[in-house]
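Worksheet: the structure to be examined is printed underneath.
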Amino acid sequence: MGDKLSRHMTNQEIAKTLSNIAEYLEMTDVPFKPRAYVRVAEAIAAMSESVDRLYREKGASALRSIPGVGASIAEHIKELVTTGHLAYYDQLKKKTPVDLETLTAVEGLGPKKIKVLYEKLRVRTLADLERVAKAGKIKKLEGFGEKSEENILKGIAFVKSSGGRFLLGDAMREAKQIELGLQKIPGIHSFDIVGSFRRRKETIGDIDILVVSDRPHVIMEAFTNLPNVARVYAKGDTKSMVRLQGGIDADLRVVPQESYGAALSYFTGSKDHNIALRKIAIEKKLKLNEYGLFASDKRKATGKMIAGKTEEEIYAKLGLDFIPPELREMGGEIEAAKNHTLPKLIGYEDLRGDLQTQTNWTDGNASIEEMAKEAIKRGLEYIAITDHTKRLAMTHGLDARRIVEQMKEIDNLNATSDKRHGKGKFRILKGTECDILRDGSLDLPDEILRQLDVVGVSVHSLFNLSREDQTKRIVRAMRNPHADILFHPTGRLIHKREPYAVDMSEIIDVARETNTVLEVDALSERLDLKDEHIRMAVQKGVKLAIDSDAHAPSQFSVLEFGIAQARRGWATREDIINTFSAEKMLSMLKDGR
DNA sequence: GCCGTTTTCGGCCCGACTGTTTTCAGTCG
């Protein structure tokens with residue numbers, strides 16, 4: 001237990017505490033303070049180096065180098081990482097002891113309304129909220145009404161429907177922690193995260209881990225004592241189950257080397273995919289389970305083992321091409337594997353550029369140059385700078401005058417980097433994330449759009465137009481001769497907001513007709529397009545782009561989620577325009593320069 | 001609470017939309 005008390009605090013945890021403080025301060029109506037906390041929370045969440053470590057190694061003064069951190073927030077962070085608590089925060093919590101995170105997850109509920117609900121109706125949890133809403137007590141409150149109560153009930157239903165599932169990105173962070181913890185243990189031959197995580201589903205119920213080792217006891221001991229384990233449900237000889245600090249459950253199983261492939265396949269699923277594999281085995285007079293592929297022998301419990309060490313040999317013995325985990329969802333992959341018609345999926349190393357990034361010209365937190373440097377570090381050849389436009393006032397969106405200025409800066413940066421690296425090394429592309437206005441017109445004039453390399457268009461307002469109006473609006477934007485890419489086409493936020501009502505098959509048809517690229521926004525709360533829409537687009541020959549939507553250098557890492565999503569949509573390298581060189585990619589866009 | 005080619009105070013990304021109102025507060029982006 002000793003090392004659990006002094007365990008390091010992650011940036012996410014610090015950021016969450018600070019943003020909760022901001023919400024509590026909103027309740028008290030103090031001006032500007034909340035913004036100060038939110039600003040720091042965002043900066044910390046986007047940092048790649050650990051704030052905890054920064055403090056431990058360089059002291060409190062180093063904390064001041066984080067943008068937005070002054071004397072008092074530095075003190076708070078210090079207290080938080082050294083004691084695990086923050087008295088100031090505890091005080092605020094005590095005053096309004098509500099489950100902020102779940103209540104704010106309800107669309108339309110913010111700190112002010114939560115405060116009223118607590119003070120008038122003692123609402124602390126989602127269950128309390130549902131009870132008073134159903135009892136018709138909310139509509140009687142001042143400032144609320146019939147409609148608010150209805151919307152709250154709808155919001156509760158949506159929050160509940162996420163049913164304890166976690167975003168792939170959050171699961172990935174936890175998985176990496178576990179991997180780091182286990183890496184140090186001697187006797188681990190291999191370590192895989194299996195289940196829906198390995199299939200890269202957009203949300204994950206729990207983290208299933210498969211370890212090959214001859215020393216299962218050591219593994220069990222080490223796993224259940226990892227610093228980010230909050231509680232242990234079960235600890236056996238070959239299987240343990242725990243709850244992690246972040247709230248996700250994780251199961252770990254140890255298998256022997258000879259069963260590795262069979263176990264990998266079995267625990268990766270999907271369940272229906274496994275059933276289909278077992279049926280094929282039975283047709284071939286074989287038996288498949290988590291220990292291997294066996295000759296069925298009616299007299300004995302198990303016959304001779306035919307395969308099991310690797311997944312590849314199991315698929316081969318069943319007469320199937322290897323099926324990548326992302327496709328194991330019973331979407332026709334078995335037939336395709338039988339007929340040797342599986343697509344050659346885009347690979348995790350195939351992206352050469354990123355076509356949506358924001359900078360400190362609007363709501364990003366790094367300069368164009370810093371974003372470019374990080375992209376270079378990650379092996380990309382180009383990025384498009386696509387800051388917001390003026391309609392998105394909150395981001396200080398660019399108008400025609402400022403975007404012209406930005407273009408000049410990009411020209412300068414490209415020119416100086418040409419001198420440093422030689423021509424054709426890395427290219428910063430001029431772009432925009434141009435708002436689609438109510439009527440489908442765009443937030444920048446055509447003569448500006450014409451000068452940009454990459455024009456992304458997207459919806460950030462009026463999410464509740466009718467399906468017909470929303471579709472019409474987006475289609476009109478796509479028909480603009482300069483609109484190259486439709487960014488995050490459905491606007492959904494997983495667990496937070498439904499996609500807006502829009503006819504995706506019409507959008508895909510219009511994309512095809514107008515040569516508009518559809519984006520796969522890789523942010524793990526967006527993953528927009530969804531896998532099924534990617535597949536529809538690919539089938540119709542519509543081109544896609546996989547973008548990070550990065551607002552900070554560390555956020556390029558989400559690209560892997562976008563690639564995963566594209567793979568789940570059966571996309572190949574050729575379907576994705578930013579797998580090509582900058583020149584080739586640009587030639588594929590509408591203006592085709 | 002933070003910050004400064006506007007340094008020790010006085011500003012702080014702010015407009016659109018919704019549902020409540022009957023002139024506005026809260027939320028979202």
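Within every chain, numbering begins at 1; the chains are lettered A, B, ... in the order of the sequence lines, protein sequences first and strands thereafter.
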Nucleotide [N], atom [atom2] - distance to [atom1] of [X] in whole Å:
X        : N      : atom1 : atom2 : value
A:Lys147 : B:dG26 : NZ    : P     : 20 Å
A:His388 : B:dC28 : NE2   : P     : 17 Å
A:Met27  : B:dG26 : CE    : P     : 12 Å
A:Leu523 : B:dG29 : CG    : C1'   : 14 Å

Reading DNA chain B from 5' onward, which residue's closest nucleotide shows up sooner: A:His396 or A:Pro111?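 Counting from the 5' end, the first nearest nucleotide belongs to A:His396.
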For A:Ala105, check side-chain contact (heavy atoms from CB on, under 4.5 Å) against everything at least two apart and list the hits.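 In terms of side-chain contact (heavy atoms from CB on, under 4.5 Å), with neighbours along the sequence ignored, A:Ala105 is linked to A:Val159.
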Across the strands shown, which category fits [X] at heavy-atom distances under 4.0 angstrom: base, sugar-phosphate, nothing?
X        : result
A:Leu25  : nothing
A:Lys113 : sugar-phosphate
A:Glu142 : nothing

Think [X] has a side-chain N or O under 4.0 angstrom from the OP1 or OP2 of [N]?
X        : N      : value
A:Asn151 : B:dT18 : no
A:Ser148 : B:dT18 : no
A:Asn464 : B:dT18 : yes

With the side chain of [X] defined as its heavy atoms from C-beta on, choose the nearest nucleotide among [options].
X        : options               : result
A:Arg391 : B:dG1, B:dG15, B:dA16 : B:dA16
A:Lys112 : B:dG1, B:dT27, B:dC17 : B:dT27
A:Leu392 : B:dG19, B:dG29, B:dG1 : B:dG29
A:Arg497 : B:dG15, B:dG1, B:dG29 : B:dG29

A:Arg512 CZ: over 12 foreign heavy atoms closer than 6.0 Å: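 Not more than 12 within 6.0 Å, no.
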Any carboxylate oxygen within less than 4.0 angstrom of a Lys/Arg side-chain nitrogen, looking at [X] and [Y]?
X        : Y        : result
A:Asp469 : A:Arg438 : no
A:Arg568 : A:Asp531 : yes
A:Glu370 : A:Lys373 : no

